[in-house]
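A quick write-up on the structure given underneath.
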Amino acid sequence: MIFFLRHKVVFSTYIFRISCFLIFFPCLLKSQSLLFPGDYFFDVPRQRAILADTELIVHTSMQPFIYKKRVPDTLKKYGYGMDPFSDKLFYENLIELRHTDKSSGYNRKFNLDINPIFNFSYGKDIIDTATARVSYNTRGIWIRGELGKKLFFETAFIENQSFMERYVYNWAFYASVVPGQGRWKNFKGGGYDYASSYGVLHYAASKNFFVRLGHGKQKIGNGYRSLLLSDNAFNYPYVQFTASFFKNKIQFSQTYALLMNLNDGGSKTPPGTERIFQKKAATFQHLSWHTSKYLDVYLFQGTIWKATDSSNTMHLDPLYANPVMFTNLAKFGFNNVNHILVGGGFEARPLNKLAVYSQFMYDGKSAANEDNSGFQGGIKYFDALGLRNLFMQAEYNRLNGSAYYSSKSAQDYSHYNQVLTTPAWLPNEFVGIVSYYYKKVFVQLKENYFTDNTSKRTTSNFDGKIGYLFNAHYNMNLYAGCTFRTYDFGTAGTKLSLTQIFYIGFKTSLYNTYHDF
């Protein structure tokens with residue numbers, strides 16, 4: 001079944017110099033990762049740079065992606081090199097290793113960057129007095145490197161202990177997983193202890209072909225949500241082949257992944273060892289066409305192949321290896337034991353500050369003969385209203401029927417008890433996003449509003465924060481904010497479920513966690 005349910009330092013003589021550092025807006029493109037789609041808010045400047053770049057073709061509808069063009073760090077120009085402490089705090093990776101090929105004098109043969117991952121936050125729900133505190137204690141390490149010009153590697157290890165918002169705690173309790181972050185263990189009688197690891201090897205065999213072998217996530221689309229494949233669920237092992245044609249105007253990716261249902265796989269578990277869960281294979285195909293600097297279109301096919309048998313043995317159809325898009329759909333059709341979902345979308349750029357995008361999904365017929373389908377439409381406005389670094393976005397998502405379910409529950413479009421797409425569990429969602437940067441100070445606002453016209457249920461989830469970005473290499477920032485959530489059960493006389501949390505935190509914002517459901 002799918003569950004839609006953080007020595008005080010005094011700068012003294014450096015204060016004046018640091019103030020001078022903050023004259024210009026910093027480049028935020030340095031935290032780019034191949035492991036997971038980047039934190040949505042901190043990725044906005046990169047989106048803006050790609051939108052304005054008419055020289056380089058970037059297929060942004062499949063994430064994570066590589067944007068090779070570097071933008072000068074104007075802030076660094078005015079402050080770097082004055083003292084080692086400030087350089088390390090504001091402008092550098094925590095640990096950097098560089099080896100230069102002496103025969104050429106400039107071609108680097110080995111690069112290694114090591115940075116921390118952390119989230120130390122504390123908050124209080126002033127409505128739900130049963131929630132003593134809301135706190136996150138995340139520690140980890142992020143390592144990435146290059147060997148020559150063709151081989152890249154990246155890995156991350158993350159450990160967490162959290163006392164969560166009541167509605168997130170309840171969702172995680174029933175789903176047996178923390179949203180997007182894997183299975184949990186009880187921690188101090190009201191919290192969760194959970195961990196995750198990521199890794200990827202990226203080999204650029206040629207200018208037009210690369211291979212990735214990893215344990216991570218992908219996301220399809222240009223919106224905040226994805227109705228096709230998202231980084232909402234837990235990470236999974238995969239191998240991905242990507243080829244580009246016609247001067248990179250067309251790009252095709254074939255991804256083979258191994259997913260899991262968190263139910264007994266059927267194999268006998270040896271005493272004292274971890275349970276063995278049911279495995280299922282998946283393939284994801286993505287075809288993108290950069291028609292011009294004004295329009296990108298893409299198509300997608302996702303297949304959850306027949307899960308393992310009662311002995312947890314996988315019997316894959318030979319067509320599992322088939323790279324020709326939509327031919328497996330022609331063979332099996334919808335509502336087959338091999339669960340196929342298709343869709344596509346576009347992003348139009350009528351202006352260099354404006355992007356309009358859409359996405360559609362079709363998942364066959366439900367038991368009631370309804371179309372299982374989805375639609376997304378949205379608009380992004382960069383440097384909005386003539387104000388530099390003001391970003392505004394509006395998005396609508398609609399799901400129909402019983403999208404992502406299968407007649408055989410083992411074939412649901414899911415992984416680790418989470419749907420592979422949007423976490424929304426009411427059919428209509430409106431998303432509003434506003435972010436603004438002034439030098440290193442930022443404001444981030446987001447509202448999610450869900451409705452179900454049939455049951456009259458509604459959910460409103462607002463999150464807003466203000467903060468200060470210390471280092472753009474790994475998005476180290478200090479912040480304070482609030483979350484207001486209201487859930488209306490749609491039944492007269494039923495008490496509303498209310499959440500009002502105020503929090504502070506110190507964090508490296510590198511990846512997305514979705515608690516807005």
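From a predicted model like this one, the values you see are computed outputs, not experimental measurements. All residue numbers refer to positions in the sequence shown, counting from 1.
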Is the closest side-chain donor-acceptor distance between [X] and [Y] under 3.5 Å?
X: T60; Y: N222; result: yes
X: Y40; Y: Q393; result: yes
X: N93; Y: N115; result: yes
X: D363; Y: H339; result: yes
X: S162; Y: Y194; result: yes
X: N160; Y: T138; result: yes
X: Q181; Y: T513; result: no
X: K280; Y: Q411; result: no

Counterpart residues, salt bridge (Lys or Arg N to Asp or Glu O under 4.0 Å), relative to D383 (two or more places apart):
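Listed in chain order: R48.
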
Sequence neighbours left out, cut at 3.5 Å: what donor-acceptor pairs do the side chains of residues 230-240 make with other protein atoms?
residue	atom	partner	partner atom	Å
S230	OG	N232	N	3.1
D231	OD1	Y514	OH	2.7
D231	OD2	N512	ND2	3.0
D231	OD2	Y514	OH	3.4
N232	OD1	Q418	NE2	3.4
N232	ND2	V419	O	3.1
N232	ND2	T421	O	3.0
N235	ND2	S197	O	2.7
N235	ND2	H215	ND1	2.9
Y236	OH	Q218	OE1	2.8
Q240	NE2	T255	OG1	3.0

Could you name each residue pair satisfying salt bridge (charged side-chain N to carboxylate O under 4.0 Å, His left out) that touches residues 183-192, not counting sequence neighbours?
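Output for this query lists R183-E274.
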
Is the Lys NZ or Arg CZ of R388 less than 6.0 Å from the centre of F382's six-membered ring, within 45° of the axis?
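Geometry flag: not set, cation outside 6.0 Å or 45°.
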
May I ask you to decide if Q161's main-chain N or O and N137's side chain share a donor-acceptor pair within less than 3.5 Å?
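Checking the backbone N and O of Q161 against the side chain of N137, no donor-acceptor pair under 3.5 Å is found.
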
Between K446 and D463, does any side-chain N to carboxylate O distance fall below 4.0 Å?
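A salt bridge is absent here (no side-chain N lies under 4.0 Å from a carboxylate O).
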
Looking at E395 and R225, is any side-chain nitrogen of the basic one under 4.0 Å from a carboxylate oxygen of the acidic one?
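Salt bridge flag = no for E395 with R225.
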
